[in-house]
2 protein chains.
Amino acid sequence: MTLIASPSQTSNHKQEKILQGAMQVFFRDGYAGTSMDRVAIEAGVSKQTIYSYFHDKEGLFKALIEQITISRFQTLFDSEELTGDPEGLLRQVAEAYLLKVSDDHQYLSLLRVVIAESSRFPEMAKLYYHTVIQRGRQLLGKYFDDRPELGIQDSEATAQIFFGTLVSFVVSQELMYGKEIMPLSSQKLVDSLVYLILRNKSI
Amino acid sequence: MTLIASPSQTSNHKQEKILQGAMQVFFRDGYAGTSMDRVAIEAGVSKQTIYSYFHDKEGLFKALIEQITISRFQTLFDSEELTGDPEGLLRQVAEAYLLKVSDDHQYLSLLRVVIAESSRFPEMAKLYYHTVIQRGRQLLGKYFDDRPELGIQDSEATAQIFFGTLVSFVVSQELMYGKEIMPLSSQKLVDSLVYLILRNKSI
DNA sequence: GTCTATAATCAGATAGAC
DNA sequence: GTCTATCTGATTATAGAC
């Protein structure tokens with residue numbers, strides 16, 4: 001039932017304009033707060049054109065979120081396996097995530113909207129969970145499994161702690177304005193996180 | 001400008017009915033998805049009565065979120081100081097949080113709505129951050145500071161990791177239906193979390 | 001104070017011209 | 001295919017009766 005926008009096929013110009021405009025409005029105003037009139041204006045097309053490409057508001061929203069979730073994250077973790085020395089790898093992943101994400105309004109908005117609409121659109125939250133959270137956790141878990149010398153008690157749980165720490169930090173600092181109230185150094189967070197996970201071996 | 005509902009004063013019956021009804025609807029449908037008609041029906045009063053107590057929809061919403069945030073969390077951490085042996089304390093806090101919260105629809109909805117509306121209502125997100133996140137972190141940070149023998153590198157960062165792990169676990173398992181897709185044992189999470197933080201000393 | 005009834009506006013979705 | 005114009009119902013907020 002989800003009108004997914006023909007993944008990596010002939011890219012329709014009008015359809016892309018619509019999705020681009022829809023993203024602006026949905027990410028700013030949320031699902032219920034978005035009017036199709038505004039999407040039409042933002043996309044630079046008429047409202048009827050939107051309805052000819054997407055069945056209704058729900059269809060447009062689902063197609064948008066699906067497309068962004070999949071296109072942004074399927075390649076992020078997919079085929080590549082994590083390699084390298086533990087300290088360097090964990091630092092690099094954590095720092096790259098925090099650096100990229102803190103100024104990435106699209107990522108932050110997607111995360112906010114998926115959580116916001118998780119009750120009305122459960123499939124959307126499940127897709128995000130499957131595509132992003134579960135995949136990241138499994139990948140890092142596998143890395144831990146391959147290195148028993150690290151003394152990791154439970155690889156999946158530890159991977160969940162690792163990514164959960166990063167995501168919750170971004171949510172509290174960026175989405176909830178902790179940065180303005182009482183900034184917490186992301187460098188200190190990464191230091192402590194890597195320290196906790198690796199202090200058996202590398203320190 | 002926030003119409004806070006007279007904290008611990010003469011409790012107005014109609015006002016409480018309105019807030020109770022408003023909570024049902026706002027927590028289910030979000031801010032924009034909520035109609036004042038539905039609030040009136042759910043609260044069992046007329047719409048005009050709502051407008052006589054609260055200036056408008058925004059005022060009602062802000063008053064509601066403020067009241068719940070403050071009344072639920074001000075005493076949770078406030079005066080009491082954390083005490084006891086490290087392993088027992090960390091286990092107890094983590095298990096109590098996960099056990100209580102996983103079935104606590106009011107808590108889950110508040111968290112979801114505060115994140116969802118963080119852009120439209122920044123003051124609300126800041127209040128939540130200040131009242132819940134920052135306070136919890138400081139309290140646990142102080143506990144760590146008082147026990148240098150634990151070998152904690154950075155007490156505040158480690159406290160952030162501790163609570164961030166718990167909150168992100170609940171968000172991913174409950175709000176994003178990870179529980180249905182691939183459940184992750186909360187016991188294993190707590191074991192690994194406590195193990196990571198304390199393996200210098202207690203193991 | 002509280003209700004019923006209503007005003008004014010805006011929403012999602014469609015019809016029909018070109 | 002795409003646009004303009006429009007229909008129908010819902011929404012916020014208010015007026016006025018009791």
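Each chain gets a letter, A, B and so on, in the order its sequence line appears, and its residues count up from 1.
Heavy-atom distances under 4.0 Å link DNA chain D to no residue of residues 20-32 of chain A.
When the P atom of C/dG1 is taken as reference, atom NZ of B/Lys17 falls 17 Å away, rounded to whole Å. Residue B/Phe54 contributes atom CZ, which lies 16 Å from atom C1' of D/dA13 at whole-angstrom precision. Atoms CG (B/Asp56) and P (C/dA8) sit 20 Å apart, rounded to a whole Å. Atom-to-atom, NZ of A/Lys57 to P of C/dT14 comes out at 15 Å; the value is rounded to the nearest Å. Atom NE2 in B/His55 sits roughly 6 Å away from atom P in D/dT14 (whole-Å rounding). Separating the CG atom of B/Leu60 from the C1' atom of D/dA13 is a distance of 14 Å, rounded to the nearest angstrom. Rounded to whole Å, atom C1' of C/dT4 lies 15 Å from atom CD1 of B/Ile50.
Using cut-offs of 30° and 60° on the angle between ring planes, the pair A/Tyr128 and A/Phe73 is perpendicular.
OP1 and OP2 of D/dG1 both lie 4.0 Å or more from every side-chain N or O belonging to A/Tyr53. An OP1 or OP2 oxygen of D/dT2 is reached within less than 4.0 angstrom by no side-chain nitrogen or oxygen of A/Tyr51. In this model, the phosphate group of D/dC3 is approached by a side-chain N or O of A/Ser46 to a distance below 4.0 Å at OP1 or OP2.
Screening residues 18-31 of chain A for side chain to side chain donor-acceptor pair (under 3.5 Å) gives no qualifying pairs among residues at least two apart or on separate chains.
Residues B/Met23 and B/Gln106 form a side-chain contact, since some pair of their non-hydrogen atoms from C-beta on lies under 4.5 Å apart.
With a 6.0 Å radius and a threshold of 12 heavy atoms from other residues, nucleotides or ligands, B/Lys188 has its NZ atom at or below the threshold.
The residue B/Lys14 sits close only to the backbone: its heavy atoms come under 4.0 Å of sugar-phosphate atoms, none of a base. Counting non-hydrogen atoms under 4.0 angstrom, B/Ser52 reaches nothing in the nucleic acid.
For the pair A/Gln48 and A/Asp37, nearest-nucleotide mapping onto DNA chain D gives the more 5' position to A/Gln48.
For A/Lys47, the side-chain atoms get nearest to C/dG12 when compared with the rest of C/dG12, D/dC3, D/dA13. In the set C/dG12, D/dT2, C/dT14, D/dT2 carries the atom at the smallest distance from any side-chain atom of A/Thr49.
Counting only N and O atoms by type, the side chains of B/Ser192 and A/Asp154 include no donor and acceptor under 3.5 Å apart. Checked by atom type, the side-chain pair A/Gln173/B/Tyr129 shows a donor-acceptor distance below 3.5 Å.
Salt-bridge annotation for B/Glu58 and B/Lys62: present, with a side-chain N of the basic residue lying under 4.0 Å from a carboxylate O of the acidic one.
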